[in-house]
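Here's the structure we're looking at; comments come further down.
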Amino acid sequence: MRKYILKKLLTTIPVLIGITVIDFLIMARAGSPIDMMTGPRMTEATKAALATRLGLDRPLWQQYLSWLWELLHGNLGYAYKSNQPVLDLILSHLGPTLLLMGLSLLMGLVIAVPLGVYSAVHRYEKRDYLLVAVSFITSSVPGFFLSMILIFLFTVTLGWLPSGGMVTAGIGGDLGDLVRHMIMPVTVLTLPIAASNMRYIRSSVLEILETDYLRTARAKGIGRRLVIWRHAMRNALVPIVTVIGMQIPGLVGGAVIVEKIFNWPGLGLLTMDAIMTRNYPLIMGVCLLSAVVVLLANLLTDILYALVDPTIRL
Amino acid sequence: MDPILSVRNLQVTFSGLGNQSIATSDISFDVFPGEVLALVGESGSGKSVTALSLLSLLTRQAKATGTVRYRGQDLLSLSEKQLDAIRGKQISMIFQDIMNSLNPVLTIGKQLTEPMICHNGLSQAEARTRAVSLLEQTGIRDAQGIMKKYPHMLSGGMRQRVMIAMALSCDPELLIADEPTTALDVTIQLQIMQLLSSLQKARHMALLLITHDLGLVAENADRVLVLYAGQCVECGDVDTILTHPLHPYTRSLLRAVPGIHDARDQRLYNIPGTVPESYGAMTGCRFHDRCPYKAHCRDYEKNAGLLPVTDTHLTRCAYLLGGDCDA
């Protein structure tokens with residue numbers, strides 16, 4: 001196991017370098033940051049000076065190598081304009097995103113697991129069809145649309161919940177205030193996670209219910225609860241772990257649209273702004289972070305496999 | 001002596017999308033305390049379906065009608081909860097496909113102690129001690145070590161021993177063994193069958209042995225029930241069935257067993273044709289098409305039912321019972 005993890009971590013290094021090269025090329029093709037910083041009255045000479053100061057006049061490969069060199073020294077660079085260190089910016093936005101997305105994923109699973117199992121146990125009955133139908137409808141409603149409806153209902157009409165932000169300026173800061181700010185974005189993010197995971201869990205459990213070893217478990221007369229939660233669930237978890245593993249990177253990427261609508265100070269909002277202003281160092285920092293998270297999530301998925309299924313040995 | 005299990009007119013129907021197919025019809029038999037009753041028949045004759053329906057372990061598409069009487073209760077009319085009180089405690093079962101019959105993600109110890117904890121209220125520690133001794137009784141040497149292992153680490157023979165230990169853990173009155181040796185190679189088959197037989201005798205437990213292996217029947221069974229196309233065609237005690245069968249299907253089955261003294265160039269007898277595919281709607285004799293007495297028999301369209309030959313011997317063939325043949 002330890003050897004496997006070490007090997008896997010070492011192989012991530014070339015993968016990471018490859019990803020950053022591709023990111024860098026795509027970013028550079030999208031246009032120069034200088035265009036975003038200049039006004040109509042700025043002279044060509046000033047522009048050139050700005051480019052020189054930011055190192056944008058050098059050939060692309062030199063720019064990339066110097067970025068990589070700084071990275072190896074623990075420096076992700078400084079954001080344009082604000083001149084804040086990229087690392088600080090990312091770290092300050094990571095917390096709110098992890099809070100928002102982590103809670104949504106957790107809530108999604110808390111809803112999905114019992115409903116999925118219930119649906120599978122009562123397969124092809126009316127309540128199963130009802131749950132599946134509700135799940136399809138829920139995952140078909142676009143997040144931005146649901147957000148608008150919720151804001152209209154709870155902020156505009158009823159005035160119960162704040163329409164955006166993380167804390168109320170001036171008076172905010174306590175837990176209750178945070179919770180009130182989180183209700184709507186968490187709801188919008190939780191529903192599709194719960195709906196799609198419910199169907200994964202349902203089909204996974206359905207498959208297990210037909211196996212010979214589940215028949216053995218039933219023949220032992222240990223009761224339905226143990227048959228389902230001990231014998232079926234452990235096996236059903238194996239494919240579910242894959243799906244959840246794929247959802248983890250989304251946690252960090254943040255939900256750009258939902259963060260934008262609810263003005264949530266997270267990574268999604270930061271990424272969006274970075275791209276809109278062609279803030280090269282910031283874009284690279286965010287890209288690197290998501291690459292690292294994807295690779296770590298894959299590793300975590302592999303480790304979870306081995307924990308859930310004893311026939312898999314790492 | 002009263003039977004412990006009494007099956008009457010058992011019929012199992014599978015319903016798919018719009019169509020229904022009858023897997024067994026009109027199966028009746030009794031199992032007496034401490035006896036070994038063999039259910040014999042070729043593939044597709046309804047042996048496993050019969051066995052699984054006794055404890056309502058069939059898939060949801062299957063529906064069993066008739067009665068399965070155990071200690072005054074009709075098992076077919078019980079709820080899952082009521083059945084769970086009987087499953088694994090009074091009636092247990094071991095299965096044919098041993099490779100997939102144990103849960104791959106739980107240790108042997110966990111799976112083995114479960115029924116004792118649930119049915120007999122044993123503590124973890126008590127159940128473990130008893131599980132180790134059960135494993136030792138089934139001839140497993142490193143019982144302590146096996147407890148911590150997962151099914152994929154064990155051989156087929158070992159897994160079947162574990163299954164047997166598990167099935168016997170709550171001292172059942174009746175063990176249903178659905179082709180317990182089919183998936184094993186010959187030497188292990190012998191060991192497992194000897195083990196089952198000795199445990200059965202020592203515990204004075206009834207055994208319902210489902211098999212297509214007539215050798216197993218001859219060596220282990222007290223009585224035999226021959227199934228063909230979802231019907232019981234003949235039943236009686238083992239000596240009668242093996243030496244004086246009165247149904248052409250039983251006779252053909254026995255003829256198809258290779259003998260050790262057969263001449264090397266002798267062709268093995270086989271029954272022409274196959275089990276009819278949908279026999280649910282058939283009336284009259286279901287074996288008629290393949291029957292060696294086909295040419296002489298005139299009454300095959302009549303549904304004779306089981307006819308008594310002696311007190312203990314029943315056959316469905318009126319033609320051979322009539323005795324107007326030279327066989």
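Chain letters run A, B, ... following the sequence lines, proteins first and then strands; every chain starts at 1.
- Using a 4.5 Å cut-off between heavy atoms, I94(B) makes no contact with chain A at all.
- Two residues are said to be in side-chain contact when any heavy atoms from C-beta on lie closer than 4.5 Å; Q96(B) and D212(A) fail this criterion.
- Within 6.0 Å of CG on L154(B) lie more than 12 heavy atoms contributed by other residues, nucleotides or ligands.
- With contacts defined as side-chain heavy-atom distances shorter than 4.5 Å, the pair Y150(B)/T311(A) does not qualify.
- Of all the heavy atoms in P104(B) and P310(A), the pair that sits closest is O-CG, 3.2 Å.
- For L58(B), the part sitting under 4.5 Å from any heavy atom of chain A is the backbone (N, CA, C, O) and nothing else.
- Annotation: the span from E114(B) atom CD to T216(A) atom OG1 amounts to 11.0 Å, rounded to 0.5 Å.
- Interface residues of residues 222-238 of chain A toward chain B, defined by a heavy-atom distance below 4.5 Å and sorted by number: I222(A), G223(A), R224(A), L226(A), R230(A), H231(A), R234(A), N235(A).
- Looking only at distances, a side-chain donor or acceptor of R218(A) sits under 3.5 Å from a matching main-chain atom of L57(B).
- With hydrogens and angles disregarded, a donor-acceptor distance shorter than 3.5 Å links the side chain of K220(A) to the backbone of Q111(B).
- Note on S169(B), S101(B), P115(B): by heavy-atom pairs under 4.5 Å with chain A, the leading option is S101(B).
- Comparing L102(B), L55(B), I117(B) by heavy-atom pairs within less than 4.5 Å of chain A, the highest count is held by L102(B).
- Ranked by heavy-atom pairs shorter than 4.5 Å toward chain A, the options K81(B), M166(B), M153(B), M163(B) are led by M166(B).
- Of the two parts of M99(B), neither the backbone nor the side chain holds a non-hydrogen atom closer than 4.5 Å to a non-hydrogen atom of chain A.
- Between chain A and the options A85(B), C118(B), C170(B), A167(B), heavy-atom pairs under 4.5 Å are most frequent for C118(B).
- The greatest number of non-hydrogen atom pairs below 4.5 Å with chain A, out of K89(B), M93(B), H119(B), is found for H119(B).
- For a residue to count as touching a neighbouring chain, one of its non-hydrogen atoms must lie under 4.5 Å from one of that chain's; by this rule S56(B) touches chain A with the backbone only.
- Ranked by heavy-atom pairs under 4.5 Å with chain A, the first of L52(B), I176(B), L83(B), T107(B) is L52(B).
- If you measure heavy-atom distances from T59(B) to chain A, the contacts under 4.5 Å come from the side chain alone.
- Taken to the nearest 0.5 Å, the CG atom of D97(B) stands 10.5 Å off from the OG1 atom of T211(A).
- Within 6.0 Å of atom CD in E126(B), more than 12 heavy atoms from other residues, nucleotides or ligands are found, so the atom counts as buried in its surroundings.
- Counted within 6.0 Å of CD on Q144(B), heavy atoms from surrounding residues, nucleotides or ligands total 12 or fewer; the atom is thus considered open.
- With a threshold of 4.5 angstrom between heavy atoms, E80(B) approaches chain A through side-chain atoms but not through N, CA, C or O.
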